[in-house]
Amino acid sequence: MLDLALGLMLFISALLSLHSKDTMKSGVFFIIFGFLSGLIWVRLEAPDVALVEIILGSAITGLLIFKLVKGSKQKDLKAFTFTRLWAGFISFLILIFMLFHLTTIERQDRIASLVFENLHKSGVDSAVNAVLLNFRGYDTLLEVGVITLAIFGLLSLGLKREAYYWDNPLLKGFSRLLLPFIVFFSLYITYLGTFSVGGAFQGGALLAGGLVLFALAGQALPLKASIIYIFMMAGLGVFSLIGLLYALLGYGFFTYPLELSTISIMIIELSIWISTAFLLYTAYSGKL
């Protein structure tokens with residue numbers, strides 16, 4: 001019953017977010033959608049994904065929505081009935097294809113079985129990180145590249161908006177006190193991903209939340225723009241260099257030697273951790 005209720009509320013919040021005529025209300029329903037998605041991931045026994053979904057899909061994305069809505073001019077866009085029906089028809093066909101595929105595939109051919117059979121070759125004990133940073137490293141590299149290019153695309157627009165912050169001495173003191181603990185715990189979540197649930201994206205998202213809280217308290221990071229720029233490029237740069245290094249040594253691109261796979265993945269994780277955090281923080285702050 002709980003799963004059914006969560007699924008129904010997720011569906012309703014998605015509809016309300018898409019069809020609300022008020023942009024602010026649409027943003028609120030989107031935040032609710034992100035929070036419910038996180039709860040569903042918890043029910044699916046994926047707490048690492050749930051952590052990212054709640055921090056990104058609900059908290060940080062919600063702040064970005066409210067920041068963009070403030071001062072913007074709203075314009076009603078009406079989609080033609082044919083366009084909406086066509087999109088729904090395509091989505092329905094994809095759903096049917098996925099259901100048919102999932103119900104007919106043999107158990108031994110499923111990804112989970114293949115991953116656990118070869119987990120000892122990955123250098124990590126976490127099946128999720130084995131897939132993301134070893135077996136399907138190309139996909140993760142492209143994901144990091146897309147995030148990096150998207151944030152630099154935002155910066156290239158040169159949009160200058162008023163920064164919202166809460167001028168409260170208590171919040172300022174609390175944010176200064178809390179930030180070191182957030183940094184430590186986000187590092188722990190990143191390290192934990194090598195052996196269990198967690199990882200670079202989860203730890204980076206958590207650190208980004210701490211940095212955004214710091215900004216909401218009206219405080220600027222004591223870092224030069226050049227340092228932030230290096231942090232933002234660290235994930236894409238280190239990931240690519242390690243893959244290229246092993247390719248030049250004859251192992252193949254993203255083919256780690258078993259004795260070096262653990263340390264290689266941990267270095268990549270740390271670079272993605274710091275990069276994800278500062279990319280998301282820059283998306284909120286809108287400047288280097």
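Being a predicted model, the structure only gives us computed values, none of them experimental.
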Can you confirm whether [X] sits close enough to [Y] that some side-chain heavy atom of one is under 4.5 Å from a side-chain heavy atom of the other?
X	Y	value
F184	L207	no
L6	M9	yes
F231	Y229	no

Q) Distance only, no hydrogens: is a donor on one side chain within 3.5 Å (strictly under) of an acceptor on the other, for S175 and Q219? A)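 Note: S175 and Q219 side chains meet the donor-acceptor criterion.
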Interatomic distance, [X] atom [atom1] to [Y] atom [atom2] [nearest 0.5 angstrom]:
X	Y	atom1	atom2	answer
L8	L4	CG	CG	6.5 Å
L141	L236	CG	CG	6.0 Å
I189	I182	CD1	CD1	12.5 Å
T276	I151	OG1	CD1	10.0 Å
L249	L244	CG	CG	9.5 Å
L279	M233	CG	CE	9.0 Å

Are the side chain of [X] and the backbone of [Y] linked by a donor-acceptor contact shorter than 3.5 Å?
X	Y	value
S240	G237	no
S261	Y256	no
S275	I272	no
S17	S26	yes
S271	I268	yes

Q: May I ask you to check whether Y246 and F254 place their ring centers less than 6.0 Å from one another?
A: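 Between F254 and Y246, which both carry aromatic rings, the centre distance is not below 6.0 Å.
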Q: Could you tell me whether Y281 and F214 have their ring centroids closer than 6.0 angstrom?
A: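 No: the rings miss the under 6.0 Å criterion.
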Check [X] against [Y] and note the closest heavy-atom contact, atom names and distance.
X	Y	answer
L187	L270	CD2-CD2, 3.7 Å
N129	G199	ND2-CA, 4.4 Å
L133	E269	CD1-CG, 3.4 Å

Q.
Take a 6.0 Å sphere around OH of Y191 and say whether it holds more than 12 heavy atoms from other residues, nucleotides or ligands.
A.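 Incorrect, the count does not exceed 12.
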Q: Give a yes or no on this: more than 12 heavy atoms of other residues, nucleotides or ligands lie within 6.0 Å of atom OH of Y138.
A: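 Yes, OH of Y138 has more than 12 neighbouring heavy atoms, counting only those of other groups under 6.0 Å.
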**Q.** Those residues that, when tested against F33, pass ring pair (Phe, Tyr, Trp, His ring centres under 6.0 Å) (two or more places apart)
**A.**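 Residues passing ring pair (Phe, Tyr, Trp, His ring centres under 6.0 Å) with F33: none at all.
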Q) Taking the hydrophobic residues Ile, Leu, Val, Met, Phe, Trp and Tyr, and joining any pair whose side-chain heavy atoms are under 4.5 Å apart, which ones share a cluster with F116? A)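 Noted: F116 shares its cluster with L119.
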